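In each ligand, atom 1 is the first atom listed, and ligand 1 is the first ligand listed. In this text, all values refer to a predicted model and were calculated from it rather than measured experimentally. Values reported hereafter were calculated over all heavy atoms of this structure, with side chains retained and with hydrogens, waters and symmetry mates removed.
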Amino acid sequence: MSSRSQKGRFIAFEGGEGAGKSTQAKLLSDALRGLGVSVDITREPGGTPGAEAIRDLLLNPPTDRKWRGWGARAEALLFAAARSDHVERRIRPALECGTWVICDRFVDSSRAYQGGAGGLGDESILSLHNFGSEGLRPDLTILLDVPADMLGKRLALRDGTGSDAIGGRDAAYHQKVASRFSVIAQSDKNRVVVIDGGRDPQDVHADVAKALNPMISEFIK
Ligand code: T5A
């Protein structure tokens, strides 16, 4: 088992709505706990009481007919504020104690949604992140790649026609999100591993575990 003076590892799952991030985060945390690793599984937006309150503002915004929802900049600031609280109050303290943090979405979601599809650009998002969360990046990001039509079917099966303020945006928006995720993965191959999420959950998990193998072996020396 690892020495407790060692810092924990930070793993993020990314991908479109319904890609299987929560499912894979849970399978991974079970596997790591089985190896005796201390794991904190969390999500964004959210993960602390303050960030969960911001999540609600973002995903279920006020419905006043004269107000047209959050503007692109306000939306990006709210995600960055939620992340700042999450990093300061939960993620960094856990990592410092040697706990592994598995996060369902992190800053690459802001880069893909607000920066890419929302048109704000990567630099603006990264500068908010540098200020709000002192630029914290995961040690490893797993991008689950699933074709849009398969995502639609999964979500229809689970949610019927219901969706939140961001998930309910049009297909062109989600296409831009997917292409920005791919650009991020291409530009940071050491950190981001792309895994085909369109298969049986256990097969996807086997590839996730393979991607983590070097990190696990190093930690459990
Ligand atoms: N957002 C978020 C931003 O715009 N900017 C940001 O910075 C951040 C952090 C968050 C929304 O906010 C946006 C993105 C989102 O629109 P959310 O609810 O947290 O919303 O995120 P979602 O991605 O929408 O969460 P989902 O729960 O819908 O998707 P998951 O976690 O990817 O999928 P999961 O595991 O819950 O699975 C979905 C369904 O598919 C099944 C599951 O059983 C479930 O029914 N499933 C599979 N079926 C077949 N094969 C597999 N391999 C399967 N894996 C899962």
Side-chain angles (χ1 to χ4, degrees), residues 12-30 41-48 51-52 54-61 69-87 91 102-120 122 124-126 128-129 132-133 136-138 141-171 173-174 176-178 180-181 184 195-208:
F13 282 91
E14 297 282 6
E17 289 84 355
K21 299 177 297 299
S22 322
T23 304
Q24 291 304 321
K26 171 82 174 58
L27 287 171
L28 178 61
S29 71
D30 291 348
I41 180 167
T42 184
R43 69 172 182 181
E44 292 213 340
T48 63
E52 289 289 335
I54 297 176
R55 176 187 177 93
D56 198 39
L57 283 174
L58 281 159
L59 302 187
N60 306 296
W70 301 111
R73 287 165 194 275
E75 182 177 293
L77 285 161
L78 285 168
F79 276 111
R83 183 164 302 122
S84 175
D85 193 58
H86 190 205
V87 166
I91 297 177
I102 300 177
C103 196
D104 184 342
R105 296 190 180 278
F106 195 62
V107 68
D108 292 333
S109 279
S110 286
R111 297 171 72 191
Y113 285 79
Q114 286 66 50
L120 293 178
D122 211 34
S124 316
I125 301 302
L126 289 177
L128 288 181
H129 186 59
S133 299
L136 180 69
R137 295 294 178 90
T141 297
I142 307 280
L143 173 61
L144 295 175
D145 184 31
V146 181
D149 56 340
M150 194 182 279
L151 292 180
K153 282 183 195 149
R154 279 188 197 172
L155 293 177
L157 207 61
R158 189 189 66 181
D159 306 333
T161 52
S163 55
D164 61 53
I166 297 178
R169 289 177 183 164
D170 65 20
Y173 182 91
H174 290 290
K176 286 185 196 157
V177 169
R180 187 54 68 102
F181 269 135
I184 293 169
I195 289 180
D196 174 3
R199 299 166 294 151
D200 180 86
Q202 289 299 341
D203 293 339
V204 179
H205 171 65
D207 281 358
V208 170

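Nearest protein neighbour of atom 7 (O) of ligand 1, counting heavy atoms only, is S110 OG, 2.6 Å. Nearest protein neighbour of atom 41 (C) of ligand 1, counting heavy atoms only, is R154 CD, 4.2 Å. When only non-hydrogen protein atoms are considered, atom 29 (O) of ligand 1 lies nearest to G18 N, 3.0 Å. Of the protein's non-hydrogen atoms, G20 N, 3.2 Å is the one closest to atom 33 (O) of ligand 1. Considering only non-hydrogen protein atoms, atom 35 (O) of ligand 1 sits nearest to T23 OG1, 2.5 Å. The protein atom (non-hydrogen) at minimum distance from atom 8 (C) of ligand 1 is F79 CE2, 3.3 Å. Of all protein heavy atoms, the one lying nearest to atom 44 (C) of ligand 1 is R158 CD, 3.8 Å. Protein heavy atom in closest approach to atom 52 (N) of ligand 1: R199 O, 2.8 Å.
At a heavy-atom cutoff of 4.0 Å, ligand 1 is contacted by the side chain of L59 but not by its backbone. Contacts with ligand 1 closer than 4.0 Å are made by side-chain heavy atoms of R83 only, the backbone lying farther away. Contacts between E17 and ligand 1 below 4.0 angstrom, taking non-hydrogen atoms only, involve backbone and side chain alike. Looking at Q114 against ligand 1, only its side chain comes within 4.0 Å, counting heavy atoms.
Checked by distance only, ligand 1 and F106 stay at 3.5 Å or farther apart across all their nitrogen or oxygen atoms. Residue-to-ligand polar distances place S22 within reach of ligand 1: an N/O pair is separated by less than 3.5 Å. Polar contact with ligand 1: present for K21 (N/O pair, distance under 3.5 Å). For a threshold of 3.5 Å applied to N or O pairs, the pair formed by L155 and ligand 1 contains no separation below that value.
Side chain of Q24 to main chain of H205: a donor-acceptor pair is present (N/O by atom type, distance under 3.5 Å, no hydrogens or angles). Between the side chain of W70 and the backbone N or O of A76, no donor-acceptor pair lies under 3.5 Å. Remark: the backbone N or O of E14 is not paired with any side-chain donor or acceptor of R105 at under 3.5 angstrom. In this structure, the side chain of E17 does not engage the main chain of L155 through any donor-acceptor pair within 3.5 Å. Under the 3.5 Å distance criterion, the side-chain polar atoms of Q114 are left unmatched by any main-chain donor or acceptor of A72.
No hydrogens or angles considered: nothing links the side chains of S109 and E44 as a donor-acceptor pair under 3.5 Å. Checking R43 against S22 by side-chain atom types alone, no donor-acceptor pair falls below 3.5 Å. A side-chain N or O of H86 and one of T42 form a donor-acceptor pair less than 3.5 Å apart.
A heavy-atom separation below 4.0 Å is not found between D203 and ligand 1. Using a 4.0 angstrom heavy-atom cutoff, G197 counts as in contact with ligand 1. Under a 4.0 Å heavy-atom criterion, R55 is in contact with ligand 1.
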Trace of the side chain to side chain contact (heavy atoms under 4.5 Å, CB included) decision for I166 with E75 = CA-CA 10 Å; I166 297 178; E75 182 177 293; 4.2 Å; yes
Would you please test L77 and L128 for side chain to side chain contact (heavy atoms under 4.5 Å, CB included) and show each step?
-> CA-CA 7 Å; L77 285 161; L128 288 181; 3.7 Å; yes
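Contact check on D207 versus R199 returns a salt bridge, with a Lys/Arg side-chain nitrogen under 4.0 Å from an Asp/Glu carboxylate oxygen.
Close approach of ligand 1 to I166 (heavy-atom distance below 4.0 Å) involves ligand atoms 4 (O), 13 (C), 16 (O).
With atom 22 (P) of ligand 1 as the reference point, the heavy atom nearest to it among K26, R43, R105 is part of R105.
Residues S29 and I41 approach most closely at OG-CD1, 3.9 Å, considering heavy atoms.
Using a 30° and 60° split on the angle between ring planes, Y113 and Y173 fall in the tilted class, from 30° to 60°.
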